[in-house]
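Reviewing the structure listed below.
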Amino acid sequence: MTGEQRPSWEEYFMGIALLVAKRSTCLRRAVGALIIKDKRILATGYNGAPTGISHCVEVGCLRETMKIESGQRHELCRGIHAEQNAIIQAAYHGVQIKDASLYCTNLPCSICTKMIINAGIKKIYYQEGYADELSKGLLAEAELEVIQLDNS
């Protein structure tokens with residue numbers, strides 16, 4: 001090595017989540033997610049429209065048009081959240097994610113949180129918060145370990 005410090009596992013996986021977020025087609029917020037188990041990437045996801053559906057970058061943002069605030073009315077959106085896409089990709093490819101960890105650029109919303117709980121994910125690492133108080137309450141009640149990483 002040339003004197004640069006090797007990143008911790010948390011820094012390494014969050015760095016990959018940030019790279020995955022660059023694939024996002026959302027006009028409001030680019031989010032990336034990774035599902036990790038035993039220091040191995042099991043699935044990735046970013047926020048965007050379902051396969052074969054026009055993306056917001058192509059047709060505009062429904063939420064902007066309807067003036068919906070962040071953290072509200074999640075169902076009124078063309079896109080699927082990054083965490084949902086990662087869970088769906090694991091299921092689609094038959095990958096077991098029970099007892100895994102999730103790295104996400106943002107704290108999951110309440111809908112994603114419910115999916116994460118039922119998928120058996122046990123730990124969440126995130127970088128930035130999200131305006132969804134229900135999510136925080138669900139995570140606490142489910143006793144998931146939630147760790148905010150420094151975004152510097």
Side-chain angles (χ1 to χ4, degrees), residues 1-53 55-57 61 63 70-75 77-152:
M1 291 182 43
T2 62
E4 288 185 37
Q5 187 175 5
R6 190 173 179 201
S8 68
W9 285 109
E10 290 81 11
E11 293 166 331
Y12 172 74
F13 289 129
M14 187 56 73
I16 295 171
L18 289 164
L19 181 61
V20 171
K22 292 182 179 187
R23 291 279 307 153
S24 171
T25 59
C26 178
L27 296 170
R28 285 182 142 191
R29 180 191 317 261
V31 180
L34 303 176
I35 299 175
I36 306 297
K37 191 170 185 180
D38 300 326
K39 298 179 183 166
R40 300 289 179 257
I41 299 170
L42 302 179
T44 66
Y46 54 87
N47 55 331
T51 303
I53 304 298
H55 292 280
C56 297
V57 294
C61 177
R63 294 176 62 78
S70 182
Q72 305 295 315
R73 303 292 313 268
H74 300 289
E75 75 281 7
C77 180
R78 298 180 67 78
I80 299 173
H81 288 186
E83 305 92 321
Q84 294 169 347
N85 265 328
I87 291 168
I88 291 165
Q89 286 301 309
Y92 187 86
H93 294 287
V95 177
Q96 169 67 258
I97 61 173
K98 184 177 183 285
D99 298 323
S101 295
L102 175 86
Y103 282 78
C104 193
T105 56
N106 290 85
L107 185 67
C109 73
S110 56
I111 294 171
C112 291
T113 294
K114 290 182 271 187
M115 291 178 67
I116 289 163
I117 292 166
N118 276 4
I121 291 170
K122 297 298 181 194
K123 189 183 289 189
I124 297 172
Y125 295 90
Y126 74 99
Q127 198 169 60
E128 295 180 16
Y130 190 69
D132 189 334
E133 292 303 314
L134 178 57
S135 171
K136 294 173 188 171
L138 293 169
L139 290 166
E141 187 174 343
E143 298 181 351
L144 263 73
E145 187 173 357
V146 180
I147 300 164
Q148 184 172 16
L149 299 176
D150 182 13
N151 63 358
S152 59

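Computed from a prediction, not measured in an experiment: that's the story for all the values here.
Counting heavy atoms from C-beta outward, Q84 and M115 have side chains that approach closer than 4.5 Å. Between I36 and I41, some side-chain heavy-atom pair lies under the 4.5 Å cut-off. Between L107 and V146, the closest side-chain pair of non-hydrogen atoms falls below 4.5 Å. Taking the side chain as every heavy atom from C-beta outward, E83 and L102 approach each other to under 4.5 Å.
Side chain of T25 to backbone of V57: no donor-acceptor contact under 3.5 angstrom is found. In terms of modelled atom types and a separation under 3.5 Å, the side chain of N85 and the main chain of Y46 share a donor-acceptor contact. Remark: the backbone N or O of L18 is not paired with any side-chain donor or acceptor of T105 at under 3.5 angstrom. Using a distance-only test at 3.5 Å, with no hydrogens or angles considered, a donor-acceptor pair links the side chain of R63 to the main chain of R73.
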Atom pairs and distances, side-chain donor-acceptor, residues 116-126, under 3.5 Å, sequence neighbours left out:
unit_1 : atom_1 : unit_2 : atom_2 : d
K123   : NZ     : Y125   : OH     : 3.4
Y126   : OH     : Q148   : OE1    : 3.3

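Every residue was checked against the salt bridge (Lys or Arg N to Asp or Glu O under 4.0 Å) condition with E141, not counting sequence neighbours, and none meets it.
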| field | Chi angles and distances behind the side chain to side chain contact (heavy atoms under 4.5 Å, CB included) call for C26, V31 | value | CA-CA 9 Å; C26 178; V31 180; over 6 Å; no
| Verdict with supporting geometry, I147 and E10, side chain to side chain contact (heavy atoms under 4.5 Å, CB included) | CA-CA 10 Å; I147 300 164; E10 290 81 11; over 6 Å; no
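Between Y12 and W9, the angle of the ring planes goes over 60°, which puts this pair in the perpendicular group of the 30/60° scheme.
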